[in-house]
There are 2 protein chains.
Amino acid sequence: MSDTSRVGGRQPSDWIESFAARFEAQEGMPLIAGRILAFLLICDPVERTAAELGAALSASSGSISTNVRLLLARGLISKTTRRGREAAVYQVREDAWANVMLRRLESVAEVSELTTGGLRMLSGQGDRADRMRKVDEFYSWLSGELSQLRGRWEAHSRRR
Amino acid sequence: MSDTSRVGGRQPSDWIESFAARFEAQEGMPLIAGRILAFLLICDPVERTAAELGAALSASSGSISTNVRLLLARGLISKTTRRGREAAVYQVREDAWANVMLRRLESVAEVSELTTGGLRMLSGQGDRADRMRKVDEFYSWLSGELSQLRGRWEAHSRRR
DNA sequence: TCGTGGCTTCAGTGCAGACTGAAGCTAGGG
DNA sequence: CCCTAGCTTCAGTCTGCACTGAAGCCACGA
């Protein structure tokens with residue numbers, strides 16, 4: 001099948017592993033979740049059943065079940081059920097990707113809530129609060145910047 | 001000592017735990033590393049020895065050694081050695097904080113290297129590359145935005 | 001050259017979570 | 001109302017990592 005053969009001079013299976021490794025490091029995802037995501041980005045046809053995912057990635061049905069649910073919860077893939085005894089199929093929600101990642105970025109700036117609280121805790125402590133003030137200033141600024149990102153992405157994608 | 005007493009109506013030890021929990025979730029840091037960082041943000045005086053950190057956070061000398069090194073490697077704290085047999089002291093590098101975090105954010109956009117590579121891998125596959133193209137478009141845009149952030153932070157902090 | 005304080009190293013422990021695979025559940029078809 | 005395909009659940013295994021604390025190492029002072 002074309003999914004595991006050479007395409008464009010590179011092994012898709014290598015690409016899948018790289019992708020999974022990156023998502024493990026960056027998002028703390030299990031490797032299998034990253035593999036599912038990567039596979040669903042390049043497979044043809046775009047929709048796959050749980051059994052097909054398990055076969056393609058050499059993972060157990062339990063693992064597929066768990067990780068597919070994780071990806072569904074994050075909003076990165078969708079599940080389409082079909083009538084009768086047919087298996088449900090999964091596919092990448094490429095349109096939701098930006099949303100999910102932007103939300104994740106915004107959460108980084110939530111540290112500003114902690115630093116602002118810390119600043120209040122140290123109020124009246126004079127110089128002692130200097131460190132906290134500097135860090136808080138950064139996170140407060142970052143918080144504003146990141147919330148603007150979403151608007152800019154919408155403008156950017158509308159523009160084309 | 002004032003570090004563990006009530007300040008501004010909130011327990012610093014609770015704040016330290018919240019801070020550590022957030023950094024564990026967000027940065028994948030060990031809890032103790034987050035505690036050290038939090039403690040160094042609010043302690044008085046600002047410099048502390050490894051032994052003091054261990055005592056304040058109820059952690060073993062080995063744990064302090066490991067996690068202090070992790071924070072040094074990330075550039076979030078500095079180590080100052082002193083002459084003779086005196087213990088080295090650690091303190092927060094509040095000025096480096098923005099730099100470290102911006103670099104971390106930029107690494108998120110490195111996924112664009114994978115998606116661009118994936119796109120090349122799927123070249124000539126027509127519709128099959130549509131998913132990848134959309135995701136790649138987002139990461140490429142994000143990559144540009146995040147690299148601009150650094151410039152904007154410098155402008156912002158110079159302005160005040 | 002020895003003594004000592006401070007730091008790092010490392011073997012050992014415990015725990016968390018990723019993964020498996022079989023058993024159980026669910027829902028449509030006969 | 002049973003059969004069966006497909007999915008989920010769960011107990012068990014295993015790997016990896018955070019943490020400990022004691023032993024070793026290093027550097028300075030005497």
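Note on naming: letters A, B, ... go to the chains in the order of the sequence lines (proteins, then strands), and numbering restarts at 1 for each one.
- Between the CD1 atom of A:I32 and the P atom of D:dT15 there is a distance of 15 Å, given to the nearest Å.
- Within the 4.0 angstrom heavy-atom criterion, base atoms lie near A:S61.
- For the pair B:I64 CD1 and D:dG21 P, the interatomic distance rounds to 12 Å; values are reported in whole Å.
- Nearest-nucleotide positions on DNA chain C for A:T66 and B:A50 put B:A50 closer to the 5' end.
- For the pair B:L70 CG and C:dT9 P, the interatomic distance rounds to 14 Å; values are reported in whole Å.
- Look at CG on B:L31: it is 13 Å from C1' on D:dC17, rounded to the nearest Å.
- The two residues B:D136 and B:T115 have their closest heavy-atom pair at OD1-OG1, 2.7 Å.
- At least one side-chain nitrogen or oxygen of A:K79 sits closer than 4.0 Å to the OP1 or OP2 atom of D:dT8.
- No engagement by B:T81 is indicated, since no non-hydrogen atom pair under 4.0 Å with the nucleic acid exists.
- A straight line from CZ of A:F23 to C1' of C:dA18 spans 19 Å, rounded to a whole angstrom.
- Using cut-offs of 30° and 60° for the angle between ring planes, the B:F23 and B:W97 rings count as perpendicular.
- With respect to A:R133 and A:D130, a salt bridge is recorded, a charged nitrogen being found less than 4.0 Å from a carboxylate O.
- Taking every side-chain heavy atom of B:S65 into account, C:dT9 is the closest of C:dT9, D:dC19, D:dC7.
- Residue B:S63 places at least one side-chain N or O under 4.0 Å from the OP1 or OP2 atom of D:dT20.
- Checking D:dG6, C:dT20, D:dC19 against the side-chain heavy atoms of B:P30 singles out D:dC19 as nearest.
- In this structure, the CZ atom of B:R35 is 13 Å from the P atom of D:dA18, given to the nearest Å.
- A:E27 has its CD atom 18 Å from the C1' atom of C:dA18, to the nearest Å.
- Rounding to whole angstrom units, CG of residue B:N67 and P of C:dT9 are separated by 13 Å.
- In the hydrophobic clustering of ILVMFWY residues, with side-chain heavy atoms under 4.5 Å counting as a link, B:L105 and A:W153 come out together.
- A:R103 approaches A:R150 most closely through the heavy-atom pair N-NH2, 3.8 Å.
- Contact between the side-chain N/O atoms of A:R69 and the OP1/OP2 oxygens of D:dT9 is found at a separation under 4.0 Å.
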